[in-house]
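Each ligand, and each atom within it, is numbered from 1 in the order the structure gives. As the structure is a computational prediction, the values presented were derived from the model and not from experiment.
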Amino acid sequence: MDNYLTSNISSINNNFSSDISATWKECLRVIKDNVSQMTYNTWFLPIKPLEMSDSILKVQLPSQFFWEWIDEHFNTLITKTIHEVLGPNAKLAYVISEEKETFEISSSIKKELPSNNSTAISTKLKSVFETFLNPRYKFDNFIKGEGNQLARAAAGAISDNPGGTSFNPFFVYGGVGLGKTHLIQAIGNKILDNFPDKKIIYLSADTFTVEFVEAIQSNKINEFSNFYRNMDVLIIDDIQFLIGKEKTQDYFFQIFNILHQLRKQIILSSDKPPKDLKGLDDRLISRFQWGLTADIQPPDLETRIAILKKKSEDYGMNIANDILEYIASNITSNIRELEGCLIKLLANVSLNSREINLALTKKTVQEIATDRKINITIETITKTVCNYLKVDENKIRDKTRKKEVVLARQVAMYLSKELTKCSLKTIGLNFGGRDHSTVIHACNTIEGMKIIDNTVKHLVDNLRTQIELSST
Ligand code: ADP
Ligand code: MG
């Protein structure tokens with residue numbers, strides 16, 4: 001324990017708070033804002049605050065190697081953080097833990113070790129590892145229904161035997177607000193209950209991409225890969241965000257292969273099934289189908305009522321059945337909105353000490369429908385539709401009568417009427433100055449096609465999901 005290393009921060013000021021762990025938490029908060037999740041997990045969470053005396057904050061690190069790494073890479077950040085939290089004259093001291101238990105570190109990090117020092121890293125690293133799972137998402141509060149039956153059943157099986165079922169990868173897809181994130185995080189939380197030693201990480205494909213780019217820029221791509229290759233359970237949400245990001249896909253492909261080979265559990269979510277992920281590497285699409293693909297469909301009326309009942313009880317509200325039924329009958333495609341409606345009602349009741357009655361409920365449901373429409377623009381709709389159908393955006397506004405352009409134009413008009421508050425006249429003007437009767441005709445045509453042609457129905461549903469997703 002004598003291995004006492006003092007960082008090169010200047011003199012001392014005696015204004016420490018007495019609560020060391022609160023102080024350290026504050027430091028971590030600052031640090032977290034300045035580094036990637038992976039860096040934070042690997043290098044900062046394992047640091048243990050020990051004591052403060054004479055304005056020196058003393059922390060314990062798992063190994064000599066650890067200290068060297070931190071000192072080399074994060075000295076400036078740590079200095080700045082300590083100054084910010086503890087004042088300009090504060091000082092940080094490191095103590096090296098004497099524990100010599102081994103922690104698997106990747107070969108590439110070993111290479112970075114000074115040749116005279118191959119100290120093992122403490123198992124502490126693992127026990128303080130952050131999963132980024134939200135503990136709120138449990139199986140207990142995930143209501144089963146026809147729309148999520150298969151996905152829910154598979155999720156349960158995986159939690160009992162991660163990596164050991166044939167559901168690997170487990171690929172869940174479905175529209176916005178239908179419970180994908182809830183379900184895949186519930187798996188993570190349950191695995192953590194069942195197997196506390198497993199290394200689990202949850203992140204969205206967006207975050208994964210950001211971390212990847214950061215790792216490239218800071219020359220830490222090996223560290224990046226090794227971090228993910230070391231997981232027992234890798235949960236990636238909204239994998240469709242990898243579309244168009246070829247380099248990230250390449251690295252993800254490698255990580256996927258290694259984890260899969262090692263029989264580690266991979267869990268993915270997406271807004272559409274693998275085969276519809278246009279712009280994603282075919283090798284990935286084919287691998288996504290190796291395990292189990294399960295969809296989540298919008299909940300039926302009974303399930304929506306059950307969800308509302310459960311949620312209102314969780315909020316400590318006792319709401320009459322006819323009110324729950326009214327909400328469930330009028331908010332049909334998105335569970336997040338069901339929840340939003342309850343919260344709005346709750347706010348109204350507690351702020352204005354009003355009683356929940358049907359009139360208030362109707363008004364609240366109305367407001368939610370309006371909120372939904374405000375965020376979506378004709379421009380977003382046009383872009384999304386053209387992108388999806390591979391039609392030039394300018395063509396949609398000129399006089400072309402080519403079949404695929406006409407379809408794109410009519411679908412975009414139809415969705416503009418459905419998803420925005422714009423008048424028929426405005427919609428017509430946005431599509432090359434067309435008349436409002438043209439918009440009505442387009443809407444009727446699409447309505448009709450949806451009934452007789454399932455592919456059109458799917459097309460419209462998919463696009464609606466995508467537009468809602470990009471507008472929330
Ligand atoms: P998605 O990831 O598919 O967009 P989320 O998982 O974020 O949807 O779900 C939106 C909200 O609805 C969350 O608050 C979630 O807890 C809730 N929710 C979704 N499905 C269910 C369900 N089956 N039972 C209870 N709550 C649900
Ligand atoms: Mg989600």
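Aromatic pair Phe171/Phe288: centroids less than 6.0 angstrom apart.
Any N or O atom pair closer than 3.5 Å counts here, and Phe142 shares no such pair with ligand 1. An N or O contact shorter than 3.5 Å links His182 to ligand 1 by distance. In terms of N/O distances under 3.5 Å, ligand 1 is not approached by Val176. For a threshold of 3.5 Å applied to N or O pairs, the pair formed by Leu183 and ligand 1 contains no separation below that value.
When each atom of ligand 1 is checked for a heavy atom of Tyr137 under 4.0 Å away, the hits are 16 (O). Shown in contact with Gly175 at under 4.0 Å from a heavy atom are these atoms of ligand 1, numbered in order with element: 3 (O). Short contacts between ligand 1 and Glu339, defined as distances under 4.0 Å to a heavy atom of the residue, involve ligand atoms 11 (C), 12 (O), 13 (C), 14 (O). Using a 4.0 Å cut-off to heavy atoms of Asn141, the atoms of ligand 1 that qualify are 24 (N), 25 (C), 26 (N).
Ranked by closest heavy atom to atom 26 (N) of ligand 1, the top entry among Arg304, Lys311, Glu337, Lys138 is Lys311. Ranked by closest heavy atom to atom 3 (O) of ligand 1, the top entry among Lys144, Lys180, Arg152 is Lys180. With atom 9 (O) of ligand 1 as the reference point, the heavy atom nearest to it among Gly147, Gly145, Gly179 is part of Gly179.
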Verdict with supporting geometry, Phe44 and Phe74, ring-ring contact (aromatic ring centres under 6.0 Å, His included) = CA-CA 10 Å; Phe44 293 98; Phe74 306 112; 5.1 Å; yes
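Other residues, nucleotides and ligands place no more than 12 heavy atoms under 6.0 Å from the CD atom of Glu379.
At a 4.0 Å heavy-atom cut-off, ligand 1 touches Asn148 through the side chain alone.
Judged by the shortest distance from any of its heavy atoms, Arg136 lies inside the 4.0 Å radius around the atoms of ligand 1. Within the 4.0 Å heavy-atom cutoff, Gly174 does not count among the residues contacting ligand 1.
Exactly one residue among Phe224, Phe256, Phe227 makes a ring pair (Phe, Tyr, Trp, His ring centres under 6.0 Å) with Phe208. That residue is Phe224.
Inclusion of Thr181 in the first shell of the Mg ion (ligand 2) is supported: an N, O or S atom falls under 2.8 Å.
Remark: Glu26 engages Arg29 in a salt bridge (charged side-chain N to carboxylate O under 4.0 Å, His left out) (not counting sequence neighbours). Thr361 pairs by the side chain to side chain donor-acceptor pair (under 3.5 Å) definition with nothing, not counting sequence neighbours.
Under a 3.5 Å cut-off, the side chain of Thr420 and the backbone N or O of Lys417 do not form any donor-acceptor pair. A donor-acceptor pair is defined here as one N or O able to donate and one able to accept, closer than 3.5 Å; no such pair exists between the side chain of Asn219 and the backbone of Ala215. Here the side chain of Asp453 pairs a donor or acceptor atom with the backbone of Thr455 at under 3.5 angstrom. A donor-acceptor pair under 3.5 Å is absent between the side-chain atoms of Asp271 and the main chain of Gln240, judged by distance alone.
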